[in-house]
Each structure stands twice: as C-alpha cells, then as structure tokens.
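Some notes on the structure that comes next.
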2 protein chains.
Amino acid sequence: MSEQMMAEMLEKLRESGVKLTHQRMEIFREIAGRTDHPDAATIYECVRKRLPTVSLDTVYRTLSMLKEAGLISTLGPNQDRLRFDANIAPHHHFVCTKCGKTEDFYCEEFNALRVPSDVLNMGIVEHSHVELRGICSECRRSN
Amino acid sequence: MSEQMMAEMLEKLRESGVKLTHQRMEIFREIAGRTDHPDAATIYECVRKRLPTVSLDTVYRTLSMLKEAGLISTLGPNQDRLRFDANIAPHHHFVCTKCGKTEDFYCEEFNALRVPSDVLNMGIVEHSHVELRGICSECRRSN
DNA sequence: TTCCTAAATAAGAATTGTTACTATTTAGTA
DNA sequence: TACTAAATAGTAACAATTCTTATTTAGGAA
C-alpha cells in the first residue's frame, strides 16, 4: 500500500475525530493492500497473523467505521438480504443510495457497451449491467 | 402477471424435469407479478395469504431452483457475504459469473454515461457503475 | 382410476454472517 | 504520569439462510 493512502487514511480519521488504534491501522493496511475484494472473515484471518488477539467484532466495527468515513466501500447494493428479480430480459437499475429502492429501466445502448481493452484480458464479456446511483424522487421530496 | 410468463415458466420447469407443485406456482406467480425486488421473507408473507401452510424453507428452495432454471435472477454480486473495497476512486467491475471473482477497471466513458429519459423521472443520478459480466480467463482455461 | 415411488414439503433445528453487551484496556490529553 | 471517554476482546445474541427428518404429493405405471 502507498504512503499516500496511509496518509489520507490518517487525515480522514483525524477529521472524523476517532482514535487511531493499532487495530484500525492494521485493518486498513490489510484492505488497502489488496485488490481482490475480501470479506470480513478474510480480513480478520490476515490481520490476526500480525495482531493475534484482534477480535472479529473489531474487524466488523472498523470496516463499518471506515465505510462511514468514506475510506472504503462495499460491493453490491447495500448489504441486507438477498433480493430477487423476475425480470430476465436485459435491463439496468436505478438505485437510491438513501433508501435502497431499486427500479428497472431499459436502454439498448447500455446493453452493448464498448468493452475497454483492459477488460479484454480479464475474460470474455457476455452481458453488461449498468447501475445508476443517486437519490430517488421520494427521498428527495422528504428531505 | 401475463399468461405468457406463466406459460414460459411451465415450459422451463418441465424442461428441468421438476415437479409442478402448488407452492412453486404460487411463489413464481408472486415474484413475477411485482416489479419491486422482494426478499425471501416478503415473498413468504405474501404467498402465505394464499397458501397458509407454506414454509419459509420452501420459499428459499423454490427461489433457488427458479434461479437455477433461469427464470429469475438476484440483485447484486452473487449473495454470500459482504465484500469490501478500498478503491474509492470511480471505477467499474468485471465479474466472473462462474467463480464470482470481481476485478476493478477504469473507464472515463463509463463514469459519465448519458442518462436515459426514463431514469430522469426516477431521481437524480450521481454516479454510474458498470458491471461487465462474463467468464474470466482462469475459468475459461480450466473448463 | 388407483397405486407406487421419488421428489417435494412443513416444521423445527442447525449453521453462518453480523451485531450487541460488558468488563477491561488504551489513545489522547491534561 | 494520571485521567477519561472511546475502543477492544470475548462471548452472547440475533437474523438470514440452509439442513434434517418424518410426512405428503406429483407424475407415471398398472
């Protein structure tokens, strides 16, 4: 992980007014040093090698705090439970970052986006799915 | 829900060689009749009004079977646990539908996609995130 | 139609990922 | 160096999902 990332982390955490603990440093160092997208258990196992007494609870709390502080993000629509979709035609989603509401929309253009050259090396692209994120009309009104 | 959807469901299930039970019909009817993206518990509660003895387990098994048969899909990267990402710069994902591996890539063009008119009514778009789905090189080789 | 059998179900127990509780420790400050 | 609020470890609790087992049923055969 770069010095710059570490410096940014220290600054943002100081801004947030939280304490700079060993555990927080090591947990951030772990996640910032990898480009796969590990889950909490994986981070816990790796951090444990350096900090044997760290608890899984601390890992969860720290990840949640880092997310709150804008230092990390999570994959997919805001966690919670698995949601199902009977619409199997190609379609895309508008997702409200406030309330999590997800609405379908259709767009031919998005169904066949030009695949960037970097991605050609990763594998064969079969579908493209666009997620447009923002604030839904309802949340905007009630705000 | 349209007759056509129901017909397609019956055909696909017959193809899969599974039994056409009341429970499966009603669970599919429920999810196909709505455009929000309900979770298993919601589907369970709604189906229960018509089939009071249905079990939550059956709902889970049926949804999983319908997904396997290609009749429904799930939102987000394949369920399982929450995964974290220390990359907070705007970026996009290539996701392998076989093994679930998720790789980051960057593309200016995808950062600012033209928002379709339908979506303008849904709310204000702040970010766009593209998920290109396919088979990663590794899975392709080992296949 | 009735019978048969493998598949599916209901009910509840078990498992897994995540969060909460509480006594102890520690970062930041005086 | 001492103080205090915040953070931690350890464990218990919780919620979503899956498994186990005895019972029921769809679909095919007689």
Side-chain angles (χ1 to χ4, degrees), chain A residues 9-31 37-69 71-72 74-84 100, chain B residues 9-31 37-69 71-72 74-84 100:
Chain A
M9 189 263 294
L10 292 175
E11 190 190 320
K12 284 213 183 186
L13 290 193
R14 263 191 274 266
E15 268 175 30
S16 307
V18 300
K19 293 187 177 173
L20 302 177
T21 63
H22 269 172
Q23 290 88 338
R24 284 172 173 176
M25 306 292 212
E26 288 305 324
I27 289 165
F28 182 74
R29 188 194 304 283
E30 182 63 37
I31 187 170
H37 304 87
D39 57 29
T42 302
I43 295 166
Y44 171 61
E45 286 307 331
C46 293
V47 168
R48 212 139 81 105
K49 290 174 190 156
R50 280 169 276 142
L51 279 180
T53 64
V54 76
S55 75
L56 183 54
D57 176 60
T58 295
V59 171
Y60 274 105
R61 261 183 300 101
T62 300
L63 290 171
S64 155
M65 183 271 288
L66 290 171
K67 185 179 177 184
E68 199 65 30
L71 281 158
I72 64 171
T74 48
L75 299 194
N78 273 341
Q79 65 275 27
D80 68 0
R81 18 218 133 87
L82 187 55
R83 292 166 62 189
F84 298 87
Chain B
M9 190 264 293
L10 292 175
E11 190 189 318
K12 283 213 184 185
L13 290 194
R14 263 192 273 267
E15 269 175 28
S16 308
V18 301
K19 293 186 178 177
L20 302 176
T21 64
H22 269 171
Q23 290 90 337
R24 285 172 172 178
M25 306 292 211
E26 288 305 324
I27 289 166
F28 183 75
R29 188 193 305 283
E30 183 62 38
I31 186 169
H37 303 88
D39 57 28
T42 303
I43 295 167
Y44 171 61
E45 286 308 330
C46 293
V47 168
R48 213 139 82 104
K49 290 174 190 156
R50 281 169 276 141
L51 279 180
T53 65
V54 76
S55 75
L56 182 56
D57 175 63
T58 296
V59 171
Y60 274 105
R61 260 184 300 102
T62 300
L63 289 170
S64 154
M65 183 272 290
L66 290 171
K67 185 179 177 184
E68 198 65 29
L71 280 158
I72 65 172
T74 47
L75 299 194
N78 273 342
Q79 63 276 25
D80 68 3
R81 22 221 132 89
L82 188 55
R83 291 166 62 188
F84 298 87

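First the proteins, then the strands, lettered A, B, ... as listed; each starts at 1.
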Smallest separation among heavy atoms of B:Ala40 and B:Val59, with atom names: O-CG1, 3.7 Å
Between the side chains of A:Glu11 and A:Arg14, is the shortest nitrogen-to-carboxylate-oxygen separation below 4.0 Å, so that they form an ion pair? no
At less than 4.0 Å, is any side-chain N or O atom of A:Arg61 found next to OP1 or OP2 of D:dT8? Yes or no. yes
Whether A:Thr21 contacts D:dA7 is assessed here as follows: a side-chain N or O lying under 4.0 Å from the phosphate OP1 or OP2. Is that the case? no
Measure from the side chain of A:Lys19, starting at C-beta and using heavy atoms only, and say which of C:dT18, C:dA8, C:dG28 lies closest. C:dG28
Quick one: does A:Asp57 reach the base of C:dA20 with a side-chain donor-acceptor pair under 3.5 Å? yes
Flag, side chain of B:Arg83 to backbone of A:Leu75, donor-acceptor distance under 3.5 Å: no
Along DNA chain C (nearest heavy atom to each residue), the more 5'-positioned of A:Arg14 and B:Gly17: B:Gly17
Minimum-distance nucleotide (side-chain atoms of B:Thr53 versus D:dA7, C:dA10, D:dT17): C:dA10
Look at the side-chain N and O atoms of B:Tyr60 and state whether any lies under 4.0 Å from the OP1 or OP2 oxygen of D:dT18. no
For B:Glu15, is there an ion pair with B:Lys12 - N to carboxylate O distance below 4.0 angstrom? no
Return the nearest nucleotide to the side chain of A:Leu56; candidates are D:dA9, D:dA16, C:dT18. C:dT18
Under 4.0 Å from OP1 or OP2 of C:dT9: is there any side-chain N or O of B:Ser55 that close? no
Under 4.0 Å between a side-chain nitrogen and a carboxylate oxygen: does that hold for A:Arg48 and A:Glu45? yes
Indicate whether OP1 or OP2 belonging to C:dA27 is found under 4.0 Å from a side-chain N or O atom of A:Gln23. no
Looking only at D:dA7, D:dT8, C:dT18, the nucleotide nearest the A:Thr62 side chain is D:dT8
Of the nucleotides C:dA8, C:dT18, D:dG27, which one has an atom closest to the side chain of B:Leu20? D:dG27
Starting at atom OH of A:Tyr44, determine the distance to atom P of D:dT8, rounded to an integer number of angstrom. 14 Å
Out of D:dT17, C:dT9, D:dA9, which nucleotide sits closest to the side chain of B:Ala40? D:dT17
